[in-house]
Structure formats: structure tokens, C-alpha cells
Amino acid sequence: MPDPFMIAGTELGSRLILGTGGAPSMQVIDEAIVASGTAMCTVAMRRADAATGGSVIDVIDRRGVRVLPNTAGCRTAFEAVRTAQLAREALETDWVKLEVIADERTLLPEPIELLDAAEQLVGLGFTVLPYTNDDPVLARRLQRIGCAAVMPLGSPIGSGLGIQNPHNIELIVSEAEVPVILDAGVGTASDAALAMELGCEGVLLASSVTRAQDPALMAEAMAAAVRAGRLARLAGRIPRRHHAQASSPLEGMAVL
Amino acid sequence: MNLTVNGTPQTLPERTTLAELMVRENAASRGSAAAVNGVVVPRGSWDAFVLAEGSSVEVLTAVQGG
């Protein structure tokens, strides 16, 4: 059954978006890209003299995967817009994972600056994919100003705590006119499957793969989980009920 | 000519272009970008962009990141 994953009119071949942060080597990233079957990987922008260990872009380009620059580490709309503009020049893409964080301890999105930055970037012609809180009202605002997707967190970046407020994710999905992509908090495969079952169109994860004991194997697990969760969502789960409902017929029981 | 590159003071020959600086910084290939005094300079303008005394240049490149 055809089930294309579209963002801003572009079809992506996989609903799993892979962050490259946290991997111990370029070889691990390369293996994770292949095992995950991802069609898009995120990168960060940093001072050239701080860059070490080879070029992540070479790995991504070699695998023919789309690159999604982020604005990780930015605290203000001003910084995030400048970083997005630099990324656009560096990577020749209008797409940006917009990230404006409040502080280093929680890495939670700073909602006021985020909305400001998103509005500016949409105005500058960017395809904006904002990393946001699991706040349905903020998600609504981000959509309204023209973001191409909304990417609520399941739990804080790198925490591996999974989806802490599935009701909010469901609520965001129920109101969404653009794809909802769960971004941050995934710890293991069942978290990714749950995101898809809740109706997310995709999952963006990094640490759960790059910091796993066997990153390539976890990447494969995530790909299977995203696919399983998507199929379950499309199939329509049975309603939850408080008491049992027999699946074997009650009629025709032998009298013993 | 004295200027600052990624926060570090540097002395460069007069009339050094941004394109030449990007080669020096090993950042001329795809994945890199530059801002001079806070303004992003498009790659197509690097050759013609002559750096001035006292400029502050940020040279960025794509790295691993979530």
C-alpha cells in the first residue's frame, strides 16, 4: 500500500530521520545510515577549527541521503536565524531543523524565541522544521506561521525517557495539518513505535542509535519499529476496554 | 592586516579575500560557510570579498549533530 512521507511537497523514502550527534566515529554513522534506511540526516554548524574526525557531510553525501542542518545550541532567535543562514550557504538547502534552547541543563525549547525565529525564517524562504515542546498550543502557532512540520519532544534530548506525555502528542497530531515528527527522548524501539502509533508521521532520533552498544543493530531496530508503528496506526487499533472480550465463540461449548 | 577569525587574532596579507581565507582555514569545500562582522557572505561572493583591517570572521562547518 503506497504511503508516501511528504514534507513541504518533497517525498522522503523513510519516516526515520537520523541525527548524527553522539556517534564515536564516522564509520559508526555510515553503518547506522545504511542499517536505518534513513533518507535524511541532521548536522550541526560549528566553528571550522573545532571540527574533528573527518567530514560528516562526506559520509552523508556518499550515501545519497538528504542533509538537514540544525541550529543546535542557539539560545536566541537572532543566533538561530544567523546559523540557519550560514547552514543554507554551506549546504545549499533551505531546510532547517530549528532548535532554540532555553538552557544547557534541560535543553528544553525556548518557546518565545522559537516562534520568533520560525516566523523570521519562514519569511526568508526557509522550510522550517521546529523542535518544539509537546505543547499543542505552541504547535498550533508554529503551523499557523507556516512551518513545514512540527517536531515535539517526547522527553528531553538525550534522556532516553521515551514519550512522557502521549496525550499531548496525540492532541498535537489531531490538530496537525503538517507532519508531526517526534523529536527527542526516544530510548529504544518501543518508543519509536509508540510515536508512530500515536499518529506521528515520522521520528527523529540520534542518541538512542549513536550511543547504543551496537549502533547499527539499534538503527535496524528503529527502522522496524517506525514501520511497525506506522502500519499499526494505519490498521487502526482495537479500542481499550475494562473487561475481557472472548475471541473464541461462546456458543457450541460441550457439556462436560 | 589584523583581524579575528573564530575569535582568534590573525595577521593576514593586505587585500586577502574571503575565498583565500577559507582555503587557509581548510573550509573551502561543501559544508562550510562564513560570516563577516555578523553578516553571512554567500559562497558566490567569496572571491570578490576583500577582507578589511579589524574584521571579525566566523568560519563554520557542518559537524555531527542531532
Side-chain angles (χ1 to χ4, degrees), chain A residues 17-26 28-29 41-61 67-73 78-79 81-92 97 99 107 131 157-158 183-184 204-211, chain B:
Chain A
I17 302 168
L18 189 65
T20 57
S25 70
M26 291 300 154
V28 165
I29 293 173
C41 285
T42 64
V43 296
M45 298 300 295
R46 289 293 178 268
R47 283 177 164 175
D49 45 11
T52 52
S55 168
V56 68
I57 286 300
D58 289 347
V59 175
I60 292 170
D61 284 352
V67 64
L68 177 66
N70 70 24
T71 62
F78 180 84
E79 284 178 349
V81 170
R82 280 284 187 281
T83 303
Q85 288 174 316
L86 283 160
R88 174 153 76 176
E89 283 305 317
L91 300 164
E92 299 160 290
K97 173 185 165 179
E99 203 173 323
L107 298 179
Y131 162 65
I157 292 171
D183 181 4
L204 195 167
L205 53 86
S207 304
S208 53
V209 163
T210 59
R211 297 193 163 118
Chain B
M1 174 174 67
N2 298 306
L3 39 69
T4 311
V5 180
N6 287 346
T8 306
Q10 282 202 20
T11 303
L12 295 174
E14 293 296 322
R15 299 199 55 76
T16 297
T17 65
L18 183 56
E20 288 163 346
L21 176 66
M22 295 302 274
V23 171
R24 278 176 68 114
E25 295 294 316
N26 227 350
S29 59
R30 173 172 148 78
S32 298
V36 179
N37 300 324
V39 179
V40 180
V41 183
R43 182 179 291 269
S45 306
W46 289 358
D47 276 322
F49 195 104
V50 179
L51 294 166
E53 172 79 26
S55 293
S56 173
V57 187
E58 289 287 326
V59 179
L60 277 83
T61 194
V63 300
Q64 284 176 248

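Values in this document were obtained by computation on a predicted structure and should not be read as measured data.
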Proximity breakdown for [X] and chain B, heavy-atom pairs closer than 4.5 Å:
X     : answer
A:L68 : neither
A:L91 : both
A:I29 : side chain
A:V59 : neither
A:D58 : neither

Exactly one candidate in A:T42, A:V56, A:V43 meets side-chain contact (heavy atoms from CB on, under 4.5 Å) with B:Q64; the answer is A:V56
Distance col, row B:S32:OG vs A:R47:CZ, nearest 0.5 angstrom, shows 14.5 Å
Scored by heavy-atom pairs under 4.5 Å with chain A, the best of B:G31, B:S29, B:A27 is B:G31
Checking heavy-atom separations under 4.5 Å from chain A, one finds in residues 50-60 of chain B B:E58, B:V59, B:L60
Work out which heavy atom in [X] is nearest to a heavy atom in [Y]; give both atom names and the distance.
X     : Y     : result
A:E89 : B:A33 : CB-CB, 4.1 Å
B:G38 : A:R82 : O-NE, 2.5 Å
B:G65 : A:N70 : C-ND2, 3.9 Å

(message) More than 12 heavy atoms of other residues, nucleotides or ligands under 6.0 Å from CG of B:N26: yes or no?
(response) no
Counting heavy-atom pairs under 4.5 Å with chain B, the top scorer among A:G19, A:A90, A:A72, A:G21 is A:A90
Worksheet item: Is any NZ, NE, NH1 or NH2 atom of the basic residue among A:E92 and B:R30 found under 4.0 Å from an Asp or Glu carboxylate oxygen of the other?
Response: yes
